[in-house]
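Encoded as structure tokens, the structure appears first; notes follow it.
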Amino acid sequence: PYIIGFFLGEVALIFLATALAIYIRVADSAELFTWKYSWHRILLVPLVIEITFYYFDLYNFRQQRGLFWTVTRVAQALAVAMVGLTAVYYIVPRLFLGRGVMMLSFFLILGLIIIWRLGYGWALTQRLFTNNVLIIGSGSLLTAILEELSARSDNLYRVVCLVDCDDTHNKTDRVSQTKNEKLQAWSRLLQTSLHDSSDDVKALVNYYKVDLIV
């Protein structure tokens, strides 16, 4: 749901930036409702831009990106999108909004999108959208899950408790000790608690205010 909200918010910003560029250029909001600047022509702008953003991998938030990368990548994608819009206008001239409108909308969209994306990245860093997760498991599958969660900057899950459910072997043997050491290492890395029994899961859920059990 957060990705969908981010996408819809970005579409709205591009639409508003284009409408604002038209308003600034024509200095008369009434013209926004004429055929020349009708809504379907304005909607074409975010449609082409969002498709271009997708092919520029701008919806991949697995890795955290810096300011320079964000500005450069968004500017490149917008430039390509404007070329794409120019091609559409060449094929269907009646959709053209005007050179002045397109130039102004480019800079307005660039500024708003950069602010929007930096704000979203900050929200991910601050874990504003995270859900508390309790994970019950053991072995390689548990390790794979923890590796995936720790590797993603767009991770919306915060592991608040680990429960080792492997009761099938003696905890004193070397294999069990190695597995337990790995879990302890993950517990320290994720700054979460580690429990050896799943008998008190209900109490753990209430104590850590768990939103999801895996």
Side-chain angles (χ1 to χ4, degrees), residues 1-16 46-47 49-71 73-74 77 112-168 171 176 178-214:
Y2 303 113
I3 296 296
I4 295 175
F6 171 82
F7 174 79
L8 293 178
E10 192 166 73
V11 170
L13 284 177
I14 297 172
F15 181 89
L16 291 175
L47 174 63
I49 290 176
E50 292 300 326
I51 293 174
T52 308
F53 279 7
Y54 173 79
Y55 282 104
F56 269 72
D57 204 28
L58 282 169
Y59 290 110
N60 181 5
F61 297 101
R62 290 177 62 92
Q63 297 180 355
Q64 189 174 359
R65 307 294 189 178
L67 175 61
F68 178 78
W69 187 94
T70 301
V71 174
R73 196 70 170 175
V74 171
L112 289 176
I113 293 303
I114 289 173
I115 294 173
W116 176 253
R117 285 177 169 268
L118 290 177
Y120 184 75
W122 176 84
L124 289 177
T125 303
Q126 298 299 314
R127 300 296 185 90
L128 298 183
F129 307 132
T130 55
N131 296 309
N132 292 337
V133 178
L134 182 149
I135 301 181
I136 306 173
S138 63
S140 59
L141 180 57
L142 175 59
T143 301
I145 293 173
L146 296 176
E147 287 176 348
E148 176 70 11
L149 291 177
S150 61
R152 298 179 64 110
S153 65
D154 60 342
N155 174 28
L156 300 179
Y157 303 102
R158 181 164 63 95
V159 181
V160 295
C161 184
L162 292 172
V163 178
D164 182 9
C165 67
D166 191 357
D167 297 325
T168 60
K171 295 291 184 180
S176 297
T178 301
K179 290 182 178 179
N180 190 257
E181 288 173 359
K182 288 183 179 180
L183 280 179
Q184 290 178 359
W186 275 111
S187 176
R188 291 191 296 269
L189 177 64
L190 299 174
Q191 297 181 343
T192 187
S193 63
L194 175 62
H195 296 262
D196 294 329
S197 174
S198 59
D199 296 336
D200 55 350
V201 167
K202 185 176 181 179
L204 293 173
V205 167
N206 294 328
Y207 181 78
Y208 289 106
K209 296 180 174 57
V210 172
D211 301 306
L212 177 67
I213 299 176
V214 177

d(L162 CG, Q184 CD) to nearest 0.5 Å is 11.0 Å
When you look at CZ of R158, are more than 12 heavy atoms from neighbouring residues, nucleotides or ligands closer to it than 6.0 Å? no
Run the side-chain contact (heavy atoms from CB on, under 4.5 Å) test against V71 and tell me which residues pass, sequence neighbours left out. L67, I114
In short, S193 meets S187 closest at the heavy-atom pair C-OG, 3.9 Å
If you round to the nearest 0.5 Å, how far is CD1 of I49 from CG of L58? 11.5 Å
Applying side-chain contact (heavy atoms from CB on, under 4.5 Å), name anything that partners L212, two or more places apart in sequence or on another chain. V133, Y157, V214
Mark yes or no for whether N132, through its side chain, and K209, through its backbone, hold a donor-acceptor pair below 3.5 Å. yes
Report the residues that fulfil side-chain contact (heavy atoms from CB on, under 4.5 Å) with V11, sequence neighbours left out, ordered by chain and then residue number. F7, P46, E50
At what distance, to the nearest 0.5 angstrom, does CD of E10 lie from OH of Y120? 11.0 Å
If I take atom CG from residue L47 and atom OG1 from residue T52, how far apart are they, to the nearest 0.5 angstrom? 9.0 Å
Does a side-chain heavy-atom distance below 4.5 Å link V210 with L204? no
Parallel, tilted or perpendicular, judged at 30° and 60°: which one describes the rings of Y208 and H195? perpendicular
Got a second to check how far L134's CG is from D211's CG, nearest 0.5 Å? 11.0 Å
Among all residues two or more places apart in sequence or in another chain, which pass the ring-ring contact (aromatic ring centres under 6.0 Å, His included) test with W186? none
Restricting to ring-ring contact (aromatic ring centres under 6.0 Å, His included), what partner residues turn up for F15, sequence neighbours left out? W39
State, to 0.1 Å, how close G9 and W116 come at their nearest heavy-atom pair, and which atoms those are. CA-CZ2, 3.7 Å
Gap separating the CD atom of E147 from the CG atom of L142, nearest 0.5 angstrom: 10.0 Å
Please step through side-chain contact (heavy atoms from CB on, under 4.5 Å) for the pair L16 and L112, ending with a clear verdict. CA-CA 10 Å; L16 291 175; L112 289 176; 5.8 Å; no
Just to verify, what does N131 make a side-chain hydrogen bond (donor to acceptor under 3.5 Å, both in side chains) with, not counting sequence neighbours? none
